[in-house]
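Written out below as structure tokens is the structure these notes cover.
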Protein chains: 2
Amino acid sequence: MKPKLTLKQIARELDVSVSTVSKALRDSVEISEETRVKIKAFAKLYNYKPNNIALSLKNRKTRTIGIVLPEIVHDFFATVIGGIEEVANKHGYNVIICVSNNSFDKEVMNMEMLANGSTDGFILSVAKETQQKEDYHHLTEVISQGMPIVLFDRVVDQIVCDKVIIDDTEGAKKAVQHLLDIGCSKVGIVTTVDYVSVGKLRTEGYIEALRENGMEVNNDLILKIEDMDHSDEEIMNFINTTDLDGVFAVNEQFSTSAIKALYKKGIKVPEDVKVVSFSDGELSRRFLPSLTTINQHGTEIGARAAEMLIERLEDQNSNGKMFRTEMIKTSLIERESTKCKKISSSYI
Amino acid sequence: MKPKLTLKQIARELDVSVSTVSKALRDSVEISEETRVKIKAFAKLYNYKPNNIALSLKNRKTRTIGIVLPEIVHDFFATVIGGIEEVANKHGYNVIICVSNNSFDKEVMNMEMLANGSTDGFILSVAKETQQKEDYHHLTEVISQGMPIVLFDRVVDQIVCDKVIIDDTEGAKKAVQHLLDIGCSKVGIVTTVDYVSVGKLRTEGYIEALRENGMEVNNDLILKIEDMDHSDEEIMNFINTTDLDGVFAVNEQFSTSAIKALYKKGIKVPEDVKVVSFSDGELSRRFLPSLTTINQHGTEIGARAAEMLIERLEDQNSNGKMFRTEMIKTSLIERESTKCKKISSSYI
DNA sequence: TTGTACGCGTTATCAC
DNA sequence: GTGATAACGCGTACAA
């Protein structure tokens, strides 16, 4: 076992001073050709790499981005991480990921841990519990210490910082519009209760789409899941008691539950009822029938968040810069769950 | 903006020396009750937290674990991360995650970056490309510097370190045995080519199970996917030309493709053909029919890996300790894809 | 009881 | 052209 090589060791070995070694390795003109070559050769031979920790301490920069997420076993967040990673690495930044498991306490703990010197800034999506509590002191704290934050997905209006959000309302409108376009007239929605911000926005999009098409909103066609642990039962009950020819569900879980309930009732998708889902993940692609979805472009969201954060980190006088909220557009991906043979010919 | 509080600032403010502050905060008996209380009150009031970077430099310990994974958009790896996270946090460790995207170069880069002081040790699953190249110099390098590594899932026999692996062969046997138990006599397997270590082991399990049940192995019932990008076509072709009443597929992707192909052929699952899949993820749970699976217990794998690593990190004289390879048992989770009403009564 | 000095690994500055 | 010194923030052995 050979412990990591340091400047000091090189200096001792080559019988020069530490600062000479440091300068030589950084190609300083102060150092003579001869010694520079000698030192660099030695360093290369023994594979010298500067110690990041020491550099961080000296520069008061870690070149590390802290990511705090509600969960990770989730296609959307996983793709967002991918986007962040890519941009971060391209700029020579590292990434620390912490998971709050939707717990307020764990979110606070994670942020405090990372804020004590481990990272230069944060990219985060707040935990569900935090959103309910409406306690954001850990965010304001970090910001007041001069560390920039970029919020994404579940953003908090009260917090003043950069944000990357999905145009949920517009995405929902797209979904519903598609159902209407292919001939549905009784479109239901499976969504969340209103305190989940994205659920609320998607519900609004659903309503807007109907209104813009001159249709009236029937509350019987709206299911707001109260208890996520029993969403299957709620959906089953809803499907059994509601007459529909189109369903828009705000996530893959609800979509597949709805299809399952429809099948149990003897109703076929897409023949009898069309389905569009928010969130495009593995499940949508591989389900039978494969799901038409609203793609949230997680990679792009992560990439933009990372770009915004790094920009602020590298800009000396970023304090003056306005905070921006970037809206990422969704897109509709058509698959089997909205295939409709009957009228497809009329489209050709 | 108030920059982070340091010991020095507290000292200046309270007109004592830095070391007095340091000692007081660490409840040293050297410091008088009076000054101790005063300093602690001040620190608490202004929310003093020691700087992790400085501590890391001083202690030559980061209390951070580096995780390097081939990919992250994958239920299995996501659950493993969850397991690691939980154990790590419990022991006061942080976690840095890097993704190699199955690229050898990126894996090497990530490891070098983290090895330069950012982490105390590694938990990693090697990239596919690395496995093909059989170039593991970055692993030996890190180990020779005294940083412990725990390999999991895709492990490397040549590397001497702690390992956590799944009993792939035994898992495959369980899957096939289940199919045989419920009455299948023509069980096919959809697997990978042999150079993917886990694929090979699972294929061996399939063969062993058949042999132990006195059945002969028919190569026509074995499909080894050559090209992952065209697995769907290969599976479709296989299903169409093969007479089966049971299918064991080595991952969720293959399983769902197989079911899709069966449906297209007019064959029903589970009525006509039963299906068991390796890997228990969201897809298996929500698919129609839901899939009977071999659960790899990702959380447990991550937890064990983290425990092994931390144990070695905290043990002063861990050099002498033998390296262990821990085998995590899989378990069968029965769902709809192997439901069989006919003989279920005989089981009661 | 409190303060001084030193070291962790690095770089910037200034002196020689 | 080279080297000594200070500093980043912290903890601790030792001195006062």
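Remember, predicted model here, so these are calculated numbers, not experimental data. Chain A is the first sequence line, chain B the second, and so forth, proteins listed ahead of strands; every chain is numbered from 1.
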Short heteroatom pairs, N/O only, protein and nucleotides 12-16 of chain C, under 3.5 Å:
from, atom 1, to, atom 2, distance (Å)
dT13(C), O4, K23(A), NZ, 3.4

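Here salt bridge (charged side-chain N to carboxylate O under 4.0 Å, His left out) pairs that include residues 53-65 of chain B, with residues two or more places apart or in two chains, are R63(B)-E314(B).
Between dC10(D), dC8(C), dG3(C), one nucleotide has an atom nearer to the side chain of S17(B) than all others, and that is dG3(C). Which of dG9(D), dT10(C), dT2(D) sits closest to the side chain of L7(A) comes down to dT10(C).
The side-chain contact (heavy atoms from CB on, under 4.5 Å) search around E13(A) returns F42(A), not counting sequence neighbours.
Contact annotation for L55(A): backbone-only contact, meaning every heavy-atom pair under 4.0 Å involves sugar-phosphate atoms and none involves a base. Across all strands, V18(B) comes closer than 4.0 Å to no nucleic acid atom at all (heavy-atom distances).
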Please tabulate, one pair per line, all N/O donor-acceptor pairs under 3.5 Å involving side-chain atoms of residues 110-117 of chain B, not counting sequence neighbours.
from, atom 1, to, atom 2, distance (Å)
N110(B), ND2, V99(B), O, 3.2
N110(B), ND2, K106(B), O, 3.2
N116(B), OD1, K4(A), NZ, 2.8
N116(B), ND2, E112(B), O, 3.0

Can you give me every donor-acceptor pair (side chain of residues 143-153 of chain A, partner residue at least two apart or in another chain, under 3.5 Å) with its distance?
from, atom 1, to, atom 2, distance (Å)
S144(A), OG, E141(A), O, 2.8

Fill in: Stepwise side-chain contact (heavy atoms from CB on, under 4.5 Å) test for I67(A) and I84(A)
CA-CA 9 Å; I67(A) 306 180; I84(A) 297 174; 3.6 Å; yes
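Salt bridge annotation for E311(A)-R324(A): present, with a cationic side-chain nitrogen under 4.0 angstrom from a carboxylate oxygen.
Residues of residues 33-47 of chain A having a heavy atom closer than 4.0 Å to DNA chain C: none are found.
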